[in-house]
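Accompanying notes for the structure given below.
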Amino acid sequence: MINDSDAVDSTADRLRRVLFGENFDREHGPWRRIAAAEPFRRCPGATSAERLSTAYDRLRTVNDSLRSPESLVADARGLVALHEWLGPVDPAFTTVAGIHYNLFLGSLLDHSADSGRDLSEFLTLRGVGTFLCTEVAHGNDAVAVETTATYDGDRDGFVLRTPHAGARKFMPNTSPTGGPKTGLVAARLLVDGADHGVFLFLAPLTDADRALPGVRVRRLPARMGSPVDHCLTSFDDLFVGREALLGGEQGRLDGDGTFSSEHPNRRRRFLASIGRVTIGKLSMSACAVGSARLTLALAVRYGGHRLISGSRGAERVPVFAHRTHHGPLVEALATVFAMSLLHREALDTWEGRTEATKDEAERFVAVTKGWITWRAREVIVECRERCGAQGLLEDNGISELIAGIEGVITAEGDNVAIHAKAAAEMLFAAALPARDGEEPQATAAPGDLGDPRFLGELLAAVEDVWLERARAGMSRTPHGDPLARWNAASGAGLRAVEAHAYRRAGEAYAAAVDAQERGSAAHDVLRDLHLLFALRWIDRNSGDLLAGDLLTPSQVDELPETVERLIAGLAPEAPMLVEAFALPEELLADLPIAGAGYADAYGGAHGETTGEADEPLEPGRHGPPVSTP
């Protein structure tokens, strides 16, 4: 039982506090308990339909346990922690929960201060909320969606219309599965022929059995990963009342149908309407961090109890004892700690934003989402390979997380698209003249590869190299062709964004190391993880650093040996490091590969068949209430 009130003496406990902060019991404890509770136990052999039904049952189980759904919706940390702990357990549940609580209810509550809307149906989950933004022909360019909402002054409401097949809403969970559905629909507001931009409109979609009149819902083919009822959804002149428009500073209609907005720019109106997407990006980062932690814990545990023939006859040794096996896992540990620290930094930055820093905070969240989810894919795929054929079996959970991370990479903005936007913003900021009194950044000089400050300077230098290359590519291209100028800069720009994320993760690592008591075991192991993380990135960019006289030839030669020493020193600490992830044993017990007796999961003592039919599998169920967040 993990409790912040207990004496925190062990190195694993100290590192747990590094990963999760000082408020574990309040911020993470409730979701950890839910992850361990009976309603979230795995149902081996369940069909896709049963798993989807279970996801909605779990949504109601969680909702019934909440003291106040409104409080959860208003608590960014609570929403993000839900994804961090339950994303690895049931990605389908996390998908529908994130849509209902964050995108649907969050948007309603953010824009309903003066509307008088009765939200009790959605707060009690008599109806499930969904979010319809992306269209078949419009994904990352959602500001260009073509669904229309035409104001009808005679009826004082709006007519929702899908003008052609490319404007059908793509992938919202709009089937009747899970109960009646109501959606927030992104549509162009048309008033007397004038297009005022894209707004959200509240629209009923289905009852418990079928789509409502004026709504067409068609199930999409099964996607890879956990089953969710993704659909194509379109509208045939569906009328909704005036109160359906989610208005606010982005725009509103007065009594006679006159439109007004505090944002003259239509793009700004749209971004204000879908502001909840930023918390969605933080939630996707959290899903990725949690999934990488679980997969890495499975790989390390399996590597410790999977015995193979040794070099001397009958000798048997754990496969983890081999450098070829534990090396990639130790590097993955350094990466997962970096992911966790960067995620926490992004969450803190978002919560601490001001009006003046909001745009920068949004960019940092977007960069973090892309970098973390890509790193999570690398970690999960590596861990799967280290587990061999066992890692391919669905019962061991890893294959589901491999598919799940692909969805996370695309959700809330495709990674390449959001990193390309960040690159453009960084290039513009880098091109601005220095503010009065601002000193130019010092160039790193060759120092000690064991000095975290020196390594931090190298990480910053790599970012500068790629920013300068992007600027140079743009400057070589004639001004008359904006696309050609961007194409000339974008490759290096994306590398600059990646380097920016590595630098920020390195800074978060350095701060975490400095916060530990010098000479303590937690300090030393965290320092070595930081060094390994930084040196691996520096090694990848050593040619540029050598060319810039930021590394010496002898230091480049030293890099591989230094990395090997760090891996050798950290390998014995791997079990303790995954213990710091605080994963519930109940969750790990669901996954045969996590235990030394994994072979017994396949039947009798010798794996023989009895000729008897397997007992029927229990389908998904709506379990008892669980501990209240």
With a 4.0 Å cut-off, would you call [X] and [Y] a salt bridge?
| X | Y | answer |
| --- | --- | --- |
| Arg32 | Glu84 | no |
| Arg77 | Glu27 | yes |
| Arg540 | Glu498 | yes |
| Glu558 | Arg565 | no |
| Arg377 | Glu406 | yes |
| Glu412 | Lys369 | no |
| Arg41 | Asp90 | no |
| Arg527 | Glu517 | no |
| Arg353 | Glu362 | no |
| Glu425 | Lys421 | yes |

Within the 4.5 Å heavy-atom criterion, are [X] and [Y] side-chain neighbours or not?
| X | Y | value |
| --- | --- | --- |
| Ile409 | Asp414 | no |
| His326 | Val300 | no |
| Arg344 | Leu341 | no |

Quick check: [Y] with [X] (ring centres under 6.0 Å apart)?
| X | Y | result |
| --- | --- | --- |
| His305 | Tyr598 | yes |
| Trp371 | His343 | no |
| Phe533 | Phe337 | no |

[atom1]/[X] to [atom2]/[Y] distance, rounded to the nearest 0.5 angstrom?
| X | Y | atom1 | atom2 | answer |
| --- | --- | --- | --- | --- |
| Leu296 | Thr335 | CG | OG1 | 9.5 Å |
| Leu545 | Glu457 | CG | CD | 11.5 Å |
| Leu392 | Ile402 | CG | CD1 | 7.0 Å |
| Leu531 | Leu455 | CG | CG | 6.0 Å |

For the residue pair [X] and [Y], would you count it as a cation-pi contact if the rule is NZ or CZ under 6.0 angstrom from the ring centre and within 45 degrees of the ring axis?
| X | Y | answer |
| --- | --- | --- |
| Arg386 | Tyr302 | no |
| Arg16 | Phe24 | yes |
| Arg58 | Phe40 | yes |

For Glu360, the salt bridge (Lys or Arg N to Asp or Glu O under 4.0 Å) test, sequence neighbours excluded, returns none
Which of Leu59, Leu86, Val408 passes side chain to side chain contact (heavy atoms under 4.5 Å, CB included) with Thr94? Answer is Leu86
Within a reach of under 6.0 Å around CD of Glu394, are more than 12 heavy atoms found that belong to other residues, nucleotides or ligands?
no
